[in-house]
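So the structure is just underneath, and the comments pick up after that.
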Amino acid sequence: MISLNSGPIFVPAGDKMHSRHLTTRIAALLAAFTLVFALAGPPPARAAGKIQIMTATSDLAALAQEVGGDKVDAESIARGYQDPHFVDAKPSFLLKLKRADLLIVVGLELEIGWLPPLITQSTNPKIQVGGPGYFDASRFAKILEIPTGQVTRAEGDVHPLGNPHYWLDPENGLRIAKGIADKLSEMHPGDAAYFAQRYSDFEKRLKDADQKWLSQMAPYKDRKIVTYHRSWPNFAEHFHLNVVGYVEPRPGIPPSPQHTVELIQQMKRDNVKVIVVEPYFDLKTPNAIARETGGQVLVLPPSVGGEKEIKDYFSLFDYDIAKLKQAFDTTK
Amino acid sequence: MKRIAISLALASLAFGAAPLWAQQEGEPEAQPPVASAPSADARIKTLEDEVRSLAEQVALLRGELSNLRNAKTPAPAPKDGLLLTSTSVQPGSLSASAAPATPAAPDLVAPAQAVQGTQAQTQTYGGATSNAKLLNPDISLIGDFIGTAGHNDVAPSKSLEMHESEVGLQAIIDPYARADAFISFGETGVEVEEAYVTFTSLPAGLLMKVGKMRADFGKVNTIHNHALPYIDRPLATNNLVGGEDGIDDAGISISRFLPAPKNWFMEGTAQVFRGDSSDVYSAQRREDLSVVGHIRAYRDLTESTNLDLGVSYSRGHNDAGTVANNVFFDPDHFLTNLYGVDATLRWKPLRRAIYKNFLLRTEMFWSARDQLSPLNAFQTQHAFGSYASAEYRVNRRWTVGGRFDRSGHANNANLTDTGFSAILTYWPSEFSQIRGQYRFGHLALANPGDFSNANEFLFQFLFVMGAHGAHPF
């Protein structure tokens with residue numbers, strides 16, 4: 001290697017020094033960065049003693065708030081009118097996740113497209129998968145439609161662990177609430193009695209409400225309906241509805257003309273009049289099907305917050321059941 | 001599983017039936033051969049009996065089969081019954097059924113058992129072997145096939161190529177870390193595109209990544225080929241920031257949220273790399289490290305609109321000092337400084353997120369590259385490059401987009417390439433993608449003032465196997 005000076009090169013004065021110490025400078029820069037990062041910003045102030053809960057969906061936030069009362073702040077990442085499969089991993093959620101003591105997820109790979117990077121980047125050790133503040137609600141619920149045998153995407157965006165829309169069964173709501181109450185008691189043993197009392201109160205109110213809902217739905221036992229996505233198996237099972245078809249040819253696959261024609265034939269044959277559509281899906285195909293079959297398209301929110309008046313877990317069922325009743329009555 | 005159950009049932013049926021037949025054939029022969037009318041009747045009768053018993057067995061097996069099937073649906077009625085029994089059995093159960101169910105065990109026990117129930121659930125489909133597989137990382141493969149037609153004299157690409165098959169392996173390592181590896185099998189060989197461990201549980205809100213990774217320099221440098229909204233990379237990336245591989249090197253990255261004004265999110269990232277990245281940096285010695293710094297500011301303007309801004313800086317040694325006119329020089333003096341700014345505006349209405357969205361993005365790069373002039377004098381070339389792109393999702397399956405490019409050459413700022421592209425993308429499903437791109441380039445040739453026009457049509461097929469990856473944001 002010939003030295004630099006052997007060539008007719010103009011080297012700016014001082015540049016040599018400057019470069020020689022590059023490594024030192026880098027190290028210093030890094031150290032400075034780390035120091036700034038480490039010192040910058042005191043931990044954000046939080047409401048005294050309240051357990052900060054973040055949930056993936058609004059239903060879980062509603063349940064957490066029911067049992068947590070004024071000892072918790074529960075907030076959802078996804079809105080009730082948003083498709084929970086497709087939520088943007090916005091950095092603004094990171095700030096909230098960083099402060100969270102507890103993260104409640106739906107699980108069963110519902111949030112697989114957006115939650116993992118948020119959890120990783122939150123820099124919150126508590127809510128990492130398996131951490132003390134990571135709570136998978138599906139472990140407490142009764143899960144339907146668990147595929148058996150080989151699972152392939154020829155069946156669309158299947159969830160190999162079962163249908164993740166399980167919160168639409170009040171019994172699952174109760175089970176999840178119980179799980180959350182126990183978790184909260186474990187986190188704040190001093191308030192265990194409070195959470196237990198909140199839970200038993202919730203249990204009583206939900207049982208009363210469920211009786212009302214079941215009696216409201218009783219006249220429509222075994223009614224056949226068609227839904228856009230497979231969001232309603234738990235709801236249908238609990239309230240004795242019979243979901244006979246889907247607007248989507250496969251979960252997550254947009255409607256195809258051929259499937260739509262088949263669905264129309266099936267609906268005519270089985271005399272199905274009600275097409276339930278989640279608020280985040282396009283109404284064009286459902287409307288066309290309704291026109292063909294003389295049926296009715298019913299936009300039914302599957303989550304709390306799906307409509308303005310759906311503010312909690314109870315009003316979700318109140319709203320959906322009232323809408324269903326109306327639709328069944330008008331299409332009979 | 002279902003198929004196995006059925007074939008099992010059939011097999012047991014066959015085995016169960018075989019001795020019956022044997023017996024039936026044996027018995028008449030044992031009797032004296034006085035084959036008269038009554039004995040024929042008796043024979044028919046035994047046959048009828050046997051058929052009946054077989055039918056019973058079939059019914060029994062059917063019952064067992066359906067039991068088995070029901071067991072798959074984890075409806076652990078007795079367990080969950082502690083809380084409530086399933087309403088599908090007892091309408092109006094919530095209050096009615098809880099009473100008879102609870103005496104068996106107090107309510108408090110129920111959740112623990114529910115947990116056990118679900119743990120059993122994972123076992124119900126698969127058995128012992130697939131339980132072992134549960135610890136395997138999430139594996140995916142993304143195939144990226146690119147075809148090119150038209151002409152380009154400056155940077156011709158192959159007519160058809162399996163551009164890359166990227167294998168992704170992702171797993172949670174332990175409660176404190178996760179790891180991601182992306183290995184790209186391309187036309188020219190295998191390359192570790194990224195392989196790094198992320199420590200998620202560090203104190204002081206620090207996030208550390210160690211391994212080989214795409215540097216946090218701007219936006220497009222961090223995005224894998226298959227996640228780009230175009231088939232190629234912008235001219236500015238190709239000319240100034242290392243092309244397709246970009247700044248992608250082995251090193252350590254530390255990032256942290258920064259204190260920010262209300263409603264803003266800010267994050268700072270500092271990275272140190274060995275200093276070998278495509279044609280941007282080249283490390284001859286251990287101390288030839290390169291650094292990357294990035295600050296990101298993000299704000300939700302409304303629920304559906306957000307603004308994402310960033311400034312980046314990078315510095316490292318280039319190869320201009322290593323070989324020039326067959327003379328080796330001291331690489332100490334030949335540095336490249338890169339500066340970048342990026343801005344992204346996104347619009348995605350939450351209610352119609354899967355049908356409509358819009359993204360506008362621009363990035364600008366300034367490169368200051370130390371090198372030798374043709375007369376072997378030390379000089380620094382200051383080149384500027386930028387691109388602006390937009391994409392609009394028309395409906396669930398179609399997206400249209402466009403991109404404008406302009407960039408100087410890193411080693412000769414007087415040569416400027418210009419180009420634009422129009423892009424059309426079709427998604428049969430979330431797991432495959434078909435894309436076409438028309439690309440026009442007004443590309444500078446070695447003599448200043450000489451240009452070559454490139455008119456090309458590119459098409460791309462992308463497919464995703466295996467684990468469902470996260471959607472890029």
Side-chain angles (χ1 to χ4, degrees), chain A residues 1-2 4 7-11 15 19 23 26 30 33-34 37-38 40-41 79 81-83 86 88-92 95 112-114 116-117 120 123 125 128-131 139-140 142-144 146 148-149 153 157 171 174-175 178-179 182 207 210-211 214 237-238 252-254 279-280 282, chain B residues 1-3 72-75 80 83-84 87-88 91-92 94-95 110-111 114-115 118 125 172 175 178 198 200-201 204-207 254 256 258-259 265 268 270 272 287 289 291 298 300 306 327-330 332-333 348 350-351 353-355 376-378 396-397 429-431 468 470-471 473:
Chain A
M1 192 139 169
I2 303 161
L4 175 75
I9 306 162
F10 165 70
V11 177
D15 193 60
S19 310
T23 320
I26 289 169
L30 254 184
F33 253 119
T34 317
F37 287 176
R79 304 261 175 245
Y81 43 81
Q82 193 175 5
D83 186 341
F86 299 96
D88 271 344
K90 295 181 193 174
S92 38
L95 293 174
I112 197 164
W114 51 276
T120 304
T123 67
Q128 299 300 317
V129 177
R139 301 183 59 171
F140 297 87
K142 174 176 166 185
I143 308 301
L144 300 177
I146 299 177
T148 52
R153 293 234 167 88
D157 187 12
E171 299 190 21
L174 202 54
R175 291 186 190 110
K178 178 70 182 156
D182 289 348
K207 282 177 178 171
D210 188 55
Q211 228 166 21
L214 284 169
E237 192 197 66
H238 186 80
I253 307 278
Y280 35 80
D282 195 28
Chain B
M1 195 66 195
K2 200 184 284 176
R3 214 171 282 161
K72 294 273 183 324
T73 345
D80 287 16
L83 259 179
L84 310 152
T87 19
S88 51
L94 261 171
S95 52
V115 175
T118 35
Y125 76 106
I172 292 168
R178 62 166 290 139
T198 309
T200 51
S201 301
L206 295 173
L207 188 73
I254 289 176
R256 191 190 193 278
L258 301 177
F265 165 87
V272 181
E287 55 265 47
L289 299 172
V291 290
Y298 171 93
D300 284 316
N306 56 66
V327 184
F328 289 85
F329 299 110
D330 187 346
D332 227 11
H333 299 272
K348 192 184 238 186
L350 296 190
R351 269 172 211 272
I354 54 174
Y355 301 102
N376 268 4
F378 183 90
R396 194 158 179 187
R397 288 192 144 142
S429 78
E430 211 190 321
F431 305 100
H468 188 312
H471 311 129
F473 180 75

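Below, chains carry the letters A, B, ... as their sequence lines are ordered, and counting in each starts from 1. Worth knowing before you read on, the calculation uses all heavy atoms, side chains too, and leaves out hydrogens, waters and symmetry mates.
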- Item | Where B/F265 and A/L95 come nearest, the two heavy atoms and their spacing | CD1-CG, 3.6 Å
- Note on the structure: Pair count under 4.5 Å, heavy atoms only, with chain A: among B/A353, B/S201, B/P175, highest is B/S201
- Item | Closest non-hydrogen atom pair between A/P116 and B/R178, with its separation | CB-NH1, 4.5 Å
- Query: With only heavy atoms counted, which part of B/I354 is less than 4.5 Å from chain A, the side chain, the backbone, both or neither?
  - Reply: side chain
- Query: Of the backbone (N, CA, C, O) and the side chain (C-beta and beyond), which part of B/I172 lies under 4.5 Å from a heavy atom of chain A, both, or neither?
  - Reply: side chain
- Message: Is A/P117 close to chain B through its backbone or its side chain, or both, or neither, when contacts mean heavy atoms under 4.5 Å?
- Response: side chain
- Message: Using every non-hydrogen atom in the two residues, find where A/K207 and A/L174 come nearest and quote the distance to one decimal.
- Response: CE-CD2, 4.1 Å
- Query: chain B: which of A/D83, A/I253, A/D157, A/V129 shares the most heavy-atom pairs with it under 4.5 Å?
  - Reply: A/D157
- Which of these passes side chain to side chain donor-acceptor pair (under 3.5 Å) with A/K142: A/H238, A/E171, A/E237? A/E237
- Between B/H468 and B/E430 the two heavy atoms that sit nearest each other are NE2-OE2, 2.8 Å
- Gap between atom CG of B/L207 and atom OG1 of B/T200 - 0.5 Å precision: 7.5 Å
- Please flag which part of A/Q82 lies under 4.5 Å from any non-hydrogen atom of chain B: side chain, backbone, both or neither. both
- Note on the structure: Applying a strict 4.5 Å limit to non-hydrogen atoms, the region of B/R396 in contact with chain A is side chain
- Considering only heavy atoms, which portion of B/T198 lies under 4.5 Å from any heavy atom of chain A: side chain, backbone, both, or neither? side chain
- Message: So for B/F473, is it side chain, backbone, both, or neither that comes closer than 4.5 Å to the heavy atoms of chain A?
- Response: side chain
- Message: Ignoring hydrogens, what is the shortest heavy-atom contact between A/P279 and A/Y81? Give both atom names and the distance.
- Response: CG-CA, 4.3 Å
